[in-house]
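Convention: sequence-line order gives letters A, B, ...; per-chain numbering from 1.
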Amino acid sequence: MSSGLEGVVGSDQLLSGLNPAQVEAVTAPDVPVLVLAGAGSGKTRVLTHRVGYLVATGRARPEAVLSVTFTNKAAREMRSRLAALLGGEPRGMWLGTFHACSARMLRLRGEEAGVPRDFVIYDEVDRLAVLKEGMRLAGVDEKRTSASTVSGEISRSKNDLVDAIGYAERAHGYVEGLVARVFPHYELLLQSNRALDFDDLLLRSVRLLESSDETRDYFRARFAHVLVDEYQDTNRAQYSLLRLLVEEHRRVTVVGDPDQSVYSWRGADIRNILEFQRDYPDALVIPLEQNYRSTAAILRAAGAVIQENSMRVEKGLWTDGPEGTAVTVAQFYDEREEATAVAREAVTLVDRGEADFGEIAVLYRTNAQSRSFEEVLLRAGIPYRLVGGVRFYQRKEVKDVLAYLRLLVNRQDRVAFERVVNLPKRGIGGQSLQQLMRAAQGLSVGYWELLADPASIGIRGQAASGLKRFGLTIEEVFDRGVSWPLVQVFDRMVESTGYRSYLRDGSPEGEERWANVMELRGLAAEQGDGPMLESLPAFLEQVALAGEGDQLEEGSRAITLITLHQVKGLEFPVVFVTGVEEGLLPHVRSLDTVAELEEERRLLYVGMTRAKRLLYLSHCFQRHLYGSPKAAIPSRFLAPLGKSGAMERWGANGDFPSARPYVAPVAAHGQPAPLRRAREVVMERATSPGPPVLIEARFRGGDRVEHARFGKGSIATSEMTPGGEEVVIDFDSSGRRRFAVTDAVLRKLG
DNA sequence: AGGAACAGTTTTTTT
DNA sequence: AACTGTTCCT
C-alpha cells in the first residue's frame with residue numbers, strides 16, 4: 001500500500017488511523033472518485049487526508065488543488081487540518097464554497113464575460129429591493145405577486161442556468177408570465193448597480209468558462225485536482241461548473257451522502273450524486289459505512305427513520321461502538337414546556353457531570369422555534385449561543401454601515417445609496433429620490449453625478465442641500481482615505497456622515513447597536529493596514545459571502561441553538577431534536593410531493609445522526625403559530641421508532657421523569673391519533689400499572705445552592721405546588737428571593 | 001418631510 | 001406576536 005511513499009515525510013500520519021475503505025479513498029488513483037459517505041463515517045477526514053496525500057506524495061502541487069466545501073467554516077476547518085497534516089499552511093490552494101470560488105474566478109477573469117471588475121454582491125435583502133423596483137418598472141403589482149415569490153422563481157431559474165431570455169421563452173402560466181416581464185428589468189438594474197446576486201456568481205462563472213476557450217483552459221490547467229464536499233447538495237449551476245473544470249483531466253473527487261440531501265429548495269439536485277457513475281463510467285465508487293460518531297441505539301433509531309424513504313440507495317451503516325442509552329421520545333404541553341424540559345434536562349446532565357453545556361445542541365426546523373428556548377434559557381441564566389436567527393450581517397445597523405462602505409467602492413450601488421442617503425435624516429424623501437433617478441435616466445448619466453447640483457434637475461430646499469452634502473461627504477471620505485487602512489476609513493465614515501451620533505441616541509438599544517457596529521469594525525480591522533482601496537473590496541466580499549455557521553466558534557461552553565439545516569456537518573454529544581410534529585417536520589410547505597416529504601425525513605435523519613451519546617426527540621400537544629395556539633400532532637416520522645428500541649418519556653412540568661418502550665401514537669387507519677395534554681397523560685399514568693410518576697422536591701431546607709445569576713445561597717423553604725416546586729432562597733449577597741424551580745437554574749452544592 | 005396610528009400579513013430551510 | 005406597508009395628520 002505504501003509503494004512510492006517511502007521517504008515522504010508525513011505520509012504515515014496521512015494513512016494511520018484510517019480504515020481500509022478510507023485508505024482506499026485517500027489513496028485512489030487519478031480517476032473520478034465518488035465517496036458515498038454515510039453519516040459520521042469520517043467524510044471530512046477522508047477529504048482532508050486525500051488532499052494532504054496528493055500534496056505530500058507530490059502528485060499535486062498545492063496551487064493546483066481546488067477544494068470546494070459547503071460552508072466557509074468547513075473550508076477554514078479543512079485549511080487548519082491540512083496545515084496540521086502537512087506541517088504548514090498549503091499555499092496557493094483554493095479552498096472555499098462554490099460561491100466564494102466563483103467570485104474569485106470572476107474577479108480574476110470576469111471582465112471577459114462582461115462582469116465588471118469592482119462588482120458588489122447583493123444578498124437577499126438587497127436583491128429584494130432591486131426586485132421591487134423592477135416590479136414597478138414592469139408594472140407588476142406587488143400585492144398580487146410577492147417580491148419573494150418572484151425572487152425565488154428567478155433564483156431557481158438562474159440555478160438551472162436559464163437567463164431572462166431563456167425564461168421568457170419557456171414561461172407559461174400566470175406567475176411565470178409576470179416573472180418573465182420582471183426578470184429583464186431586474187437584470188438591467190443589477191447591471192447598472194454593478195451588482196451580482198448569489199446565483200449570478202455561479203451562473204456567470206459557468207458562462208465565463210463556456211464562452212472563452214482560453215480562460216477555460218487556464219482554469220483547467222490551474223486546477224488539476226478538484227475535490228467537492230457535500231456533493232449531494234450541488235445544483236445544476238454548480239454541477240456544470242464542476243463539469244467544465246474537470247471533464248478533460250477527470251481528476252475529480254466528490255464526497256457526499258444521498259441520505260443527507262436537504263437543499264433541493266435551493267436548487268440542489270440529488271441526481272447529481274446518484275448519476276455520478278453515469279457521468280463518469282470509469283468512476284471509482286467507495287462506500288464508507290462504518291460510523292464513528294453515534295452509539296448503536298442512536299444509529300438504529302436514525303436508520304429506522306430513513307429506511308422509510310423510497311428514493312434511496314441502501315447503505316449498511318454500522319458501528320462497533322457501545323449500545324448506549326435508548327433514544328428518548330417525549331411529548332410536552334406546548335413549546336414553552338418543551339423548552340423548559342430541555343433546559344432542565346440539560347442542567348441535570350451537567351449536574352451529574354454527564355455533559356457540559358457546550359456539548360449540547362437544540363435542533364429545530366424553523367428559526368422561529370428558537371424563541372421559546374431563548375426565553376427560557378435567558379431567564380434561567382443558562383449560557384447559549386444562537387446560530388442564525390437575526391443574523392449579524394443582516395442587522396440594520398450593520399447593513400447601514402456596510403452600505404456606506406459599499407458606496408466608496410461603487411457609487412452606482414443604488415440599493416446602498418437609497419439605504420443610507422437619508423440616514424441620519426437629511427431631509428431627503430421619496431419624492432426627491434424619484435426625481436433624482438428619473439433625471440439620471442433621462443440624461444443617461446449616473447445618478448451620482450447629479451448630486452453636485454440638485455437644483456439643476458429641479459430639486460430644491462432641504463432635499464437639495466441634503467443630497468449635495470451627502471455626495472460631498474462620501475467623496476471626501478474617499479479622497480482623503482484612499483491610502484488609509486480600512487479601520488481608519490471606517491471610523492471616519494461613521495463619524496463624518498453623522499451615523500455614529502444618529503445611532504447612539506442615548507438609549508440602551510442605541511448602545512447595543514453601536515456595539516454591533518464596533519464588532520463590524522473589529523472585522524474591518526482584521527483586514528490589516530494596507531490601503532483601503534485594496535482591503536475594502538476584499539472585506540465587502542468576505543462579508544457578503546459569510547454564512548451564519550461561520551460565527552460558530554469552537555470550544556464554547558454554551559448550549560447551541562441551531563436549525564436542522566445549519567447543523568449539517570456538525571456533531572454533539574447530546575442532541576435534542578424539537579418540534580417533531582406534523583406541519584413542522586414535515587413542514588406544511590413540503591407536503592405536496594413525495595420528494596419533498598422524503599427530504600423532510602432526511603432532515604430529521606441529519607438531526608438524529610448529529611448525536612454522539614444522547615438523543616432526545618420531542619413534540620408538543622399545542623404550539624403557537626403567529627401568536628395563536630394551534631393543536632399539534634406528532635410527526636409521522638416517529639412511527640418506526642418503536643421498533644428501534646426508543647423510549648418514551650412523558651413530560652410533566654417540564655421534566656423527563658419516567659420511561660417506557662416507545663409506541664408511536666398512530667391510529668389503526670394510519671392517521672396520527674389525536675393527543676391529550678401531557679398533564680392529563682401524567683395523571684392517567686399514575687393510576688395505571690407501571691412505575692409511578694414521581695414528582696418530588698429536589699431541594700430541602702438548608703441545602704446549599706448556586707443560582708446562575710444570584711450566586712450562592714441556602715434554601716429556606718421548599719414546597720410542591722400544582723405548578724411545580726417552589727423554593728425560597730437566602731442568598732449570601734442579595735438576601736431572600738422566591739423562585740419556581742422550573743424557571744430558576746439551581747445547582748446543588750456539596 | 002416626517003411621524004403616528006392603523007391595517008394587514010406572515011416561504012422554512014441559506015450560499 | 002411581530003413586522004411591513006399604508007394612510008393621514010402635522
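Atoms CG (A/L202) and P (B/dT14) sit 17 Å apart, rounded to a whole Å. Nucleotide B/dT15 holds its P atom 17 Å from the CG atom of A/L95, rounded to whole Å. With rounding to whole Å, A/R127 atom CZ is found 12 Å from B/dT14 atom C1'. Atom CG in A/L591 sits roughly 16 Å away from atom P in B/dT13 (whole-Å rounding). Protein atom CZ of A/R395 is 12 Å distant from nucleotide atom P of C/dC3, rounded to whole Å. Between the CG atom of A/N159 and the P atom of B/dT14 there is a distance of 16 Å, rounded to whole Å. The nearest whole Å value for the distance from the CG atom in A/N72 to the C1' atom in B/dT15 is 8 Å.
With A/K568 as reference, A/D233 is the one residue of A/D233, A/D257, A/D259 to meet the salt bridge (Lys or Arg N to Asp or Glu O under 4.0 Å) rule. For the side-chain hydrogen bond (donor to acceptor under 3.5 Å, both in side chains) with A/D199, the qualifying choice from A/R127, A/K158, A/H99 is A/R127, the only one to do so.
Residue-to-nucleotide proximity on DNA chain B shows that, of A/E124 and A/E153, the 5′-proximal contact is made by A/E153. If you find the closest nucleotide of DNA chain B to A/G430 and to A/F198, the one lying nearer the 5' end belongs to A/G430.
With B/dA1, B/dT15, C/dA1 as the choices, the nucleotide that has an atom nearest any side-chain atom of A/Y626 turns out to be C/dA1. When distances are taken from the side chain of A/T563 to each of C/dG5, B/dT14, B/dT11, the shortest belongs to B/dT14. Distances were taken from every side-chain heavy atom of A/R371 (C-beta onward) to each of B/dT15, C/dA2, C/dG5; the shortest belongs to C/dA2. Among B/dA1, B/dT13, B/dT15, the nucleotide with an atom closest to any side-chain atom of A/Q462 is B/dA1. Candidate nucleotides B/dT11, B/dG3, B/dA1 were compared by shortest atom distance to the side chain of A/K425, and B/dG3 ranks first.
The residue A/Y263 sits close only to the backbone: its heavy atoms come under 4.0 Å of sugar-phosphate atoms, none of a base. At a threshold of 4.0 angstrom between heavy atoms, the contacts of A/S146 with the nucleic acid are absent. Residue contacts for A/K568: at a heavy-atom cut-off of 4.0 Å it reaches no nucleic acid atom on any strand shown. Here A/N422 lies in heavy-atom contact (under 4.0 Å) with sugar-phosphate atoms only. Residue A/S148 is classed as a base contact, given a heavy-atom separation below 4.0 Å to a base.
Ring pair A/F417/A/Y447: centre-to-centre distance below 6.0 Å. Two rings, from A/W265 and A/H587, have their centers 6.0 Å or more apart.
For B/dT11, the OP1/OP2 oxygens have no side-chain nitrogen or oxygen of A/T149 closer than 4.0 Å. Residue A/Q566 places at least one side-chain N or O closer than 4.0 Å to OP1 or OP2 of B/dT14. The phosphate of C/dG5 has neither OP1 nor OP2 within less than 4.0 Å of any side-chain N or O from A/K143. Contact check, A/N367 against B/dT14: a side-chain N or O comes under 4.0 Å of OP1 or OP2.
The environment of CZ in A/R271 is sparse: at most 12 heavy-atom neighbours from other residues, nucleotides or ligands sit within 6.0 Å.
Looking only at side-chain heavy atoms (C-beta outward), A/E124 and A/Q394 stay at 4.5 Å or farther from each other.
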